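We name chains A, B, ... by the order of the sequence lines, and we start the count at 1 in each one. Only a predicted model underlies this, so the values are computations on that prediction, with no experimental measurement involved.
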Amino acid sequence: MDTFVSQTRKRYIDGTTDEQREPVWKKFKEEECNQGIVKEDVKEDAYLTEFSQPWQKIEAEGLDCDYALLFPKEEADCLYTQLEEEVVYLTDKTKIQVFGKVYNVPRKQATCGDAGLTYNYSGVSLQASPWTPTLEYIRDAVTKATGQTFNFVLINRYKDGHDHMGEHRDDERELDPLCPIASVSLGAVRDFVFRHRESRGKQCRRQINPVKLELAHGSLLLMNSPTNTHWYHSLPARKRVLTPRINLTFRRILQDGKK
DNA sequence: CATCTGGCACGGAC
DNA sequence: TGTCCGTGCCAGAT
């Protein structure tokens with residue numbers, strides 16, 4: 001089922017392309033967040049035709065993302081099930097050090113990628129396992145949809161709404177800063193929050209509203225340059241979420257850490 | 001890329 | 001309709 005066309009120019013829900021369009025915004029909470037939010041009630045099948053991609057642009061000062069439903073529900077269900085069988089997560093010895101204390105990460109992690117790649121963050125060094133068939137399939141679907149290639153994927157599994165990830169930037173040295181990061185979501189819908197680096201803290205320099213999204217089952221969020229240099233992102237805990245979410249972030253890693 | 005805590009907002013019970 | 005109270009969310013400290 002070759003639903004996705006090799007087409008590097010993205011087409012949006014309203015049929016326009018990058019050159020033509022104005023950003024389309026939807027408010028998340030009217031009072032708090034007048035930046036963009038992807039919360040359209042999309043009838044996915046209506047947009048996932050053979051010839052168009054239903055991209056939505058998410059923009060703010062220094063933030064540039066594209067969001068689309070990459071997989072229809074049935075296919076996303078299937079991919080989720082296959083990943084649950086295929087992916088071998090690191091044992092719960094995945095530790096992280098913050099403010100001098102060592103913690104287990106509040107989620108499960110795995111890494112796959114081309115042979116020999118390692119990924120370092122917050123003092124942890126993760127060696128890439130070989131690609132699995134399902135991960136290769138998803139990677140190739142992302143490449144067809146975006147025109148971008150990737151040599152590595154970080155897999156995070158959040159077993160329920162208690163699992164989460166704190167605010168951070170993906171600013172590792174070995175990441176190609178100009179290559180977008182492609183985030184594929186499968187399973188439970190979770191909130192996702194961007195916060196501008198200069199609008200954090202009690203006496204922050206500037207008042208810039210956060211950008212809040214819901215990441216749907218089967219969705220793809222492309223984080224384009226320079227988003228990661230200006231904005232932190234997080235996956236906050238959501239107590240009412242009772243089912244798992246698997247997140248795949250496809251990246252391009254530079255072999256010898258040059259920048 | 002962590003947890004902990006206090007303040008606050010929201011919503012259900014009555 | 002008003003108040004009380006439990007829950008969850010967020011921001012700040014560490």
For the student: nearest non-hydrogen atoms of A:Arg169 and A:Thr229, plus distance | NH1-O, 2.9 Å
Send over the distance from [X] [atom1] to [N] [atom2], rounded to a whole Å.
X: A:Leu154; N: B:dC1; atom1: CG; atom2: C1'; value: 10 Å
X: A:Asp163; N: B:dA2; atom1: CG; atom2: P; value: 10 Å
X: A:Arg190; N: C:dC9; atom1: CZ; atom2: C1'; value: 13 Å
X: A:Ile96; N: B:dA2; atom1: CD1; atom2: P; value: 6 Å
X: A:Phe194; N: B:dC1; atom1: CZ; atom2: C1'; value: 14 Å
X: A:Gln203; N: C:dG12; atom1: CD; atom2: P; value: 10 Å
X: A:His162; N: B:dC4; atom1: NE2; atom2: P; value: 13 Å
X: A:Leu242; N: C:dT7; atom1: CG; atom2: C1'; value: 15 Å

Would you classify A:Gly100 as touching base, sugar-phosphate or nothing, given that sugar-phosphate means primed atoms plus P, OP1 and OP2, and contacts are heavy atoms under 4.0 Å?
-> nothing
So what does A:Lys101 hit on the nucleic acid, given a heavy-atom distance under 4.0 Å: a base, only sugar-phosphate, or nothing?
-> nothing
Can you find a side chain N or O atom of [X] that sits less than 4.0 Å from OP1 or OP2 on [N]?
X: A:Arg238; N: C:dC10; value: yes
X: A:Arg200; N: C:dG12; value: no
X: A:Arg195; N: C:dA11; value: yes
X: A:His164; N: B:dC1; value: no

[X] and [Y]: side-chain donor and acceptor closer than 3.5 Å?
X: A:Asn224; Y: A:Asp64; answer: yes
X: A:Glu86; Y: A:Thr132; answer: yes
X: A:Asn104; Y: A:Lys95; answer: yes

Please pick, from [options], the nucleotide with the shortest atom-to-atom distance to any side-chain atom of [X].
X: A:Val98; options: C:dG8, B:dC1, C:dG12; value: B:dC1
X: A:Phe99; options: B:dT3, C:dT14, C:dG8; value: C:dT14
X: A:Lys239; options: C:dC9, B:dC1, C:dC10; value: C:dC9

Only one of A:Arg238, A:Arg245, A:Lys239, A:Arg240 passes salt bridge (Lys or Arg N to Asp or Glu O under 4.0 Å) with A:Asp191, and that residue is A:Arg238
